Amino acid sequence: MARIVVGVDGSESSLLALRWAVEEAGPDDQIEAVAVWRPVVGFGSDMAPGIPDPVEFEQYTRAGLEASISVHESRFGPPDVELQPIVLQGHPGRALCHHADGADLLVVGRRGSGGFTGLHLGSVSTTVAHHSPCPAVIVPDSLGDPAEE
């Protein structure tokens, strides 16, 4: 049984990463769909008016993760493997790498930046490429149409 960690942030690239992991997983494997939120740092001891508290950030992130899993299931059907949603706090790349300690695979999508999106990795995928404690897969922006393969 393999433990596969997948970074999910609601973007199309993270949905492709989740799709890739589900398609590659064996029937006894476990996929952990992980969303990470970052706390807002304000001045002084009180949060600025209108900024949600950490509980609200976590709830918002959990709802987004569940929505991403629902989108995946509506597009491709329910996965044949166990899918466990997990919400973490921190810098996304570092939190994913820390959580993947002991995992068999860490999977993230690739989002480039600026005008050279085809040449650059995003900050999370760059962190994963350099610091993953296990083998890592950075899924490209397009997996192609399975009907054409």
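Note that this is a predicted model, so its numbers are computed, not measured. In what follows, every heavy atom counts, from backbone to side chain, and hydrogens, waters and symmetry copies are set aside.
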Minimum heavy-atom distance Pro92-Arg38, with the two atoms named: CD-CD, 3.7 Å
Stepwise side-chain contact (heavy atoms from CB on, under 4.5 Å) test for Thr127 and His91: CA-CA 10 Å; Thr127 299; His91 177 276; 4.0 Å; yes
Selection residues 76-85 - residue pairs positive for side chain to side chain donor-acceptor pair (under 3.5 Å), sequence neighbours left out: Gln30-Gln84
Taking every non-hydrogen atom, the tightest pair across Val8 and Ala33: CG2-CB, 4.1 Å
His131 side chain near Cys97 side chain, heavy-atom distance below 4.5 Å: yes
Spacing of Trp37 atom CH2 and Glu56 atom CD [to the nearest 0.5 Å]: 10.5 Å
Stepwise side-chain contact (heavy atoms from CB on, under 4.5 Å) test for His99 and Ile86: CA-CA 10 Å; His99 184 76; Ile86 296 173; 3.6 Å; yes
Shortest non-hydrogen contact between Gly109 and Ser125, atoms and distance: O-CB, 3.8 Å
In one Ile/Leu/Val/Met/Phe/Trp/Tyr side-chain cluster, 4.5 Å: Val36, Val5: yes
Val6 side chain near Val34 side chain, heavy-atom distance below 4.5 Å: no
Audit row: Leu106, Val128, side-chain contact (heavy atoms from CB on, under 4.5 Å) steps and yes/no: CA-CA 8 Å; Leu106 174 56; Val128 166; 3.7 Å; yes
Reported CD-to-CG distance for the pair Glu58 and Leu88, which is rounded to 0.5 angstrom: 9.0 Å
Val71 versus Ser74, closest heavy-atom pair with distance: O-OG, 2.8 Å
Asp104 side-chain N/O to Ile4 backbone N/O, donor-acceptor pair under 3.5 Å: no
Ion pair Arg75/Glu12, N-O distance below 4.0 Å: yes
Quiz: residues 61-69 side-chain donor-acceptor pairs under 3.5 angstrom, not counting sequence neighbours:
unit_1 : atom_1 : unit_2 : atom_2 : d
Thr61  : OG1    : Phe57  : O      : 2.8
Ser68  : OG     : Gly64  : O      : 3.2

Contact check, side chains of Val108 and Val139, non-hydrogen atoms, under 4.5 Å: no
Same cluster (ILVMFWY, side-chain, under 4.5 Å), Leu15 and Leu105: no
Exam field: side chain Asp29 to backbone Gly26, donor-acceptor pair closer than 3.5 Å: yes
With His72 via ring-ring contact (aromatic ring centres under 6.0 Å, His included) - residues at least two apart: Phe76
Ala129 backbone acceptor or donor facing Ser132 side chain under 3.5 Å: no
Arg94: partners by salt bridge (charged side-chain N to carboxylate O under 4.0 Å, His left out), with sequence neighbours left out: none
Heavy-atom side-chain proximity of Leu96 to His98 below 4.5 angstrom: no
With Asp9 via salt bridge (charged side-chain N to carboxylate O under 4.0 Å, His left out) - residues at least two apart: Arg111
Pairing residues for Glu24 by the side chain to side chain contact (heavy atoms under 4.5 Å, CB included) criterion, not counting sequence neighbours: Trp20
Minimal non-hydrogen separation, Glu73 against Pro79, with atom names: OE2-CD, 3.6 Å
